[in-house]
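Only a predicted model underlies this, so the values are computations on that prediction, with no experimental measurement involved. All chains are named by letter (A, B, ...) in the order of the sequence lines, taking the proteins before the strands, and each is independently numbered beginning at 1. The figures here come from the full heavy-atom set of this structure, side chains too, leaving out hydrogens, waters and symmetry mates.
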Protein chains: 2
Amino acid sequence: MARVSSAQRRVELVQAALRVIDRDGVHGATTRAIVAEAHVPLATFHYVFRSRDELIRELIAYVVEQEGRAAEGTLQSATDIRSLLRTGLQAYFDLVVSEPNREQAMFELFHYALRTDELDDLPRLQYERYHRTAADLLAAAARQLEITWSVPLDELARLLVTFTDGLTLAWLADRHDAAAARTMDHAADFIARFANPPTEQINQGAHS
Amino acid sequence: MARVSSAQRRVELVQAALRVIDRDGVHGATTRAIVAEAHVPLATFHYVFRSRDELIRELIAYVVEQEGRAAEGTLQSATDIRSLLRTGLQAYFDLVVSEPNREQAMFELFHYALRTDELDDLPRLQYERYHRTAADLLAAAARQLEITWSVPLDELARLLVTFTDGLTLAWLADRHDAAAARTMDHAADFIARFANPPTEQINQGAHS
DNA sequence: GTCTATAAGGAGATAGAC
DNA sequence: GTCTATCTCCTTATAGAC
């Protein structure tokens, strides 16, 4: 093998581990499975990482950051806030549908970190990042459409993440696309109601 | 050891396994840890269960059913639908706060089942049960206050579960009680808006 | 039905030659 | 820096005596 810097080896192993986790879950991401995926001998693992959990820590930081960046470029354009929100939710959902294992892996990593003493600071950071990303998107949407939000931005951001988490979990359970679409409709309506000045409401009032 | 029926041994082991999972996570629920918790020799495990996953299957059915039953007795009384919903959410949240490991375990079991071939029918059943429980509660609330829902009950039930899941995950991550309370305020407002006849809205319009 | 002993294999981590 | 061989421990599951 060519001699490679330790820093580069770390990145290679993190990315290999991520592929293994997507495929087999956090449980399947043993040091042996990771080095096989990366085509390096087992000893290389412990040459560049002190332990498996040290890799998992770096991996979580990597994917959370990556997911945050991916979300940033998502904002499209629309004439009203409701459709802007609905389109954004759809873009997120399409990503989940196209790569369900990835989102599943994010949840698994979250729960693994919650249960692991050396990693139990990560869940908080993970959700801080989610909430910050959501807040950034909502702020950008407000700028684009020249509206303001009638509740604090971080409160609205937390609501948005609440919706995406709940949406994703239910869809992973039953793969019910139409139900997910209805949930997104309601989520968009709901958050759009906090825009000032208001747009006319749809999906409101008596349906029955 | 006294001779005990196989059926009873199964229940004992499931309950012991549940205690281990609450304490150490699904990952820590090895056959050895379970039999130690139940104070039986290792061979007893495989005398009554064909495999570890067979126990996990029975355990998931057990806890999902148990959680469903627990929710049923939850409905309190109130003069308007918004406070009834808010109180119900608070009751759920208080349960999460008092036993965070239990709710964490439910998520872990869900993701474990999703990743395990022999168990991958369970997540769907788990969410069917959640949705049915939510629908039952919303129907009972409507009867109690003599209102009707302006959207289909199962659609509303799914929204309620979306909220509780998202709420729980964020709280497990950052333990931010006040933010969780605000999320519940919004969730109650949101769902109450689908009641006919409507009650007057609070927390609506310009706060800024 | 209950138990001890053990099979058979996978895990994280390391020693030490090159 | 890289690699083979191995240590030590823990896993699920079973054989077979009582």
Does B/Glu54 have any salt bridge (charged side-chain N to carboxylate O under 4.0 Å, His left out) partners at least two apart in sequence or in another chain, and if so, which?
B/Arg10, B/Arg50

To the nearest angstrom, the CD-C1' distance between B/Gln8 and C/dG1 comes to 13 Å

All N/O donor-acceptor pairs, side-chain side in residues 88-96 of chain B, below 3.5 Å, sequence neighbours left out:
{"residue": "B/Gln90", "atom": "OE1", "partner": "B/Arg86", "partner atom": "NH1", "Å": "3.0"}
{"residue": "B/Gln90", "atom": "OE1", "partner": "B/Arg86", "partner atom": "NH2", "Å": "3.4"}
{"residue": "B/Gln90", "atom": "NE2", "partner": "B/Asp94", "partner atom": "OD1", "Å": "3.0"}
{"residue": "B/Tyr92", "atom": "OH", "partner": "B/Thr168", "partner atom": "OG1", "Å": "2.6"}

Grab the CZ-P distance between B/Phe49 and C/dG1 for me, whole Å please.
14 Å

Short N/O separations, protein against nucleotides 8-15 of chain C, under 3.5 angstrom:
{"residue": "C/dA11", "atom": "N7", "partner": "A/Arg32", "partner atom": "NH1", "Å": "3.4"}
{"residue": "C/dG12", "atom": "OP1", "partner": "A/Thr31", "partner atom": "N", "Å": "3.3"}
{"residue": "C/dG12", "atom": "OP1", "partner": "A/Arg52", "partner atom": "NE", "Å": "3.3"}
{"residue": "C/dG12", "atom": "OP2", "partner": "A/Thr31", "partner atom": "N", "Å": "2.9"}
{"residue": "C/dG12", "atom": "OP2", "partner": "A/Thr31", "partner atom": "OG1", "Å": "2.5"}
{"residue": "C/dG12", "atom": "N7", "partner": "A/Arg32", "partner atom": "NH1", "Å": "2.8"}
{"residue": "C/dG12", "atom": "O6", "partner": "A/Arg32", "partner atom": "NH2", "Å": "3.3"}
{"residue": "C/dA13", "atom": "OP2", "partner": "A/Arg52", "partner atom": "N", "Å": "3.0"}

Residues which pass salt bridge (charged side-chain N to carboxylate O under 4.0 Å, His left out) with A/Asp22, listed by chain and number, not counting sequence neighbours
A/Arg102

Return the set of residues passing side chain to side chain contact (heavy atoms under 4.5 Å, CB included) with A/Ala43 (not counting sequence neighbours), or none when no residue passes.
none

Of all residues at least two apart in sequence or in a different chain, which pass the salt bridge (charged side-chain N to carboxylate O under 4.0 Å, His left out) check with B/Glu99?
none

